[in-house]
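In the text below, chain A, chain B and the rest are named by the order of the sequence lines, each starting its count at 1.
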2 protein chains.
Amino acid sequence: MIESRFGPNGGNRLPQPDTKNRLLEAAERLFASEGLSRTSLRAITCEAGVNVAAVHYHFGSKDELLVELVRRRIAPMNEERLARLDAIERASEGGPLPLEPVLRAFVEPAFRFRSEMSGHEQLGRFFGRLYAEPEEILESTLREIFEDVAKRFRDAFARAVPHLPDDELDWRFHFLVGTVVHTLMGRREMQAPTDDPPPDQEVIDRVIRFTAAGLSAPVEMGQ
Amino acid sequence: MIESRFGPNGGNRLPQPDTKNRLLEAAERLFASEGLSRTSLRAITCEAGVNVAAVHYHFGSKDELLVELVRRRIAPMNEERLARLDAIERASEGGPLPLEPVLRAFVEPAFRFRSEMSGHEQLGRFFGRLYAEPEEILESTLREIFEDVAKRFRDAFARAVPHLPDDELDWRFHFLVGTVVHTLMGRREMQAPTDDPPPDQEVIDRVIRFTAAGLSAPVEMGQ
DNA sequence: AGGCGATTCAAACGCATGATTGAATCGCGC
DNA sequence: GCGCGATTCAATCATGCGTTTGAATCGCCT
């Protein structure tokens, strides 16, 4: 049976009459500012201006909304990371990789996607929350989305900092992630609450400087 | 009116018949493994083997239990940090401070308190959650507990790495906290789930190596 | 022995949550 | 203009939540 035309409601030409996307955006905003488990369905649908039942109609459940949100937000960020890493590896032709570009390929997409987000720069906090709040429903999704990135970048760092033993490399990659996530979450220990946020590129450069030094530190305890 | 004797129930000689501490320990365990907002009072009291009403009798509310838990756990850790920093500053007699000991004074108490915890090494995750889940009730408590530590260590790092401008120092201190918190949370990106956790001192040394290099990196963007 | 304050307990409260229902509404294709 | 699937909506469900209550229990002190 041929799909005679498209579905109803504009026939998939307008994929949704906005409801689905408005739900995703409202959910992202609230998840970021209130936390995953502290955000109720009613708060989301109220913020989106739609009925409560819309969530279950379009996504099936609150959990599946969250999974869909992760797929839409995190996956593209990781694809950009991998694309940039591809370019670096292609340019190096099997030789050692330059550390700073690899670092930037990992760090910059995270900040870029944060600020690209429709007006509000909450994606960083949402992103950070994924690490902090253990939603078992997300475990497999996150693993699936981050597995490639983790593996590819681990190997890239191994080529960029070849003097490191494997276990030390794993740990330093872990520390890098901690630095990035904590910074995306936007908590500054010493910042006066009145200061306005600094431009992304400045923060990125500081992160790169710090982590590049940490990653390339000698492995012997020379101090 | 003279406090004729002590209170009832052993007259404060046994401060509580265990209930209060059992609640705190059960709460800490569950907060750490399940998250702050996903842990119910009933789960806590069930785990502790006491009645639900005991929480309100001893603490007043779930939130106040959390605050009390923070005071009991985090405050001593920070006191040890400050004591160690005092010793370092006393030994330096106004001169520049050695970076690595200052770093260790900040990092080691966190890991030590984690493993000291009655059998379970969950304090790290609990500690990490305090950063990740924004309980507005904790905001003032956490600020009060961490304010001194943040200020004192910021100044110490300024003396240990004197070539850094103030804003760069603030950021690097932020990155250090991110590294520590993320590591305390215990998520390893590359670790097989079957591996058993490495000894604390080994992890501490790796953290110190990484952050010492990051903190003392040159501030110019010299690749 | 008896009184009394500290503590425990089972039961219930009101409320917010995630989920579900079934009818109403919409808008295209026929 | 009619039918039909896609979509919205108000209303409702059962459940679990934090909290409160009031009576029972415990153990020291006089």
State which residues pass side chain to side chain contact (heavy atoms under 4.5 Å, CB included) with A:A160; sequence neighbours excluded, sorted by chain then number.
->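 Expected list: A:L97, A:L99.
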- prompt: How would you list, by chain and number, every residue that makes a side chain to side chain contact (heavy atoms under 4.5 Å, CB included) with B:D86, sequence neighbours excluded?
  reply: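 Per chain and number, B:D86 pairs via side chain to side chain contact (heavy atoms under 4.5 Å, CB included) with B:E89, B:R90, B:R152.
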Notebook entry, point to check: With side chains defined as the heavy atoms from C-beta onward, is the minimum distance between A:L69 and A:F126 less than 4.5 Å?
Noted result: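 Yes, at least one pair of side-chain atoms sits under 4.5 Å.
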Can you list, by residue number, the residues of residues 40-49 of chain B that have a non-hydrogen atom closer than 4.0 angstrom to DNA chain D?
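Listed by number, they are B:S40, B:L41, B:R42.
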So what does [X] hit on the nucleic acid, given a heavy-atom distance under 4.0 Å: a base, only sugar-phosphate, or nothing?
| X | result |
| --- | --- |
| B:V52 | base |
| A:T39 | sugar-phosphate |
| B:A54 | nothing |

Mind checking what makes salt bridge (Lys or Arg N to Asp or Glu O under 4.0 Å) contact with B:D63, not counting sequence neighbours?
->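 Listed in chain order: nothing, the list is empty.
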Mind checking salt bridge (Lys or Arg N to Asp or Glu O under 4.0 Å) for B:E64 and listing every partner two or more places apart, or none if nothing turns up?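 For B:E64 there are no salt bridge (Lys or Arg N to Asp or Glu O under 4.0 Å) partners, ignoring immediate neighbours.
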May I ask you to verify if any side-chain N or O of [X] is less than 4.0 angstrom from the OP1 or OP2 atom of [N]?
| X | N | answer |
| --- | --- | --- |
| A:H58 | D:dA6 | no |
| B:H56 | D:dT19 | yes |
| B:T19 | C:dT7 | no |

Mapping A:A53 and A:S37 onto DNA chain C by nearest heavy atom, which one lands closer to the 5' end?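 Closest to the 5' end, via its nearest nucleotide, is A:S37.
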Integer-rounded Å distance: [N] [atom2] and [X] [atom1]:
| X | N | atom1 | atom2 | answer |
| --- | --- | --- | --- | --- |
| A:K20 | D:dA6 | NZ | P | 13 Å |
| B:L23 | C:dT8 | CG | C1' | 12 Å |
| B:E64 | D:dT20 | CD | C1' | 15 Å |
| A:Y57 | C:dT21 | OH | C1' | 15 Å |
| A:D18 | C:dC26 | CG | C1' | 16 Å |
| A:F59 | C:dA19 | CZ | C1' | 16 Å |
| A:I137 | C:dG18 | CD1 | C1' | 13 Å |
| B:N51 | D:dA24 | CG | C1' | 12 Å |

- prompt: How would you list all residue pairs meeting side chain to side chain donor-acceptor pair (under 3.5 Å) that involve residues 45-56 of chain B, not counting sequence neighbours?
  reply: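 For residues 45-56 of chain B: B:R29-B:E47.
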| query | How about B:T179 and A:T179: does a side-chain donor come under 3.5 Å of a side-chain acceptor? | reply |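 Yes, A:T179 and B:T179 have a side-chain donor paired with an acceptor closer than 3.5 Å.
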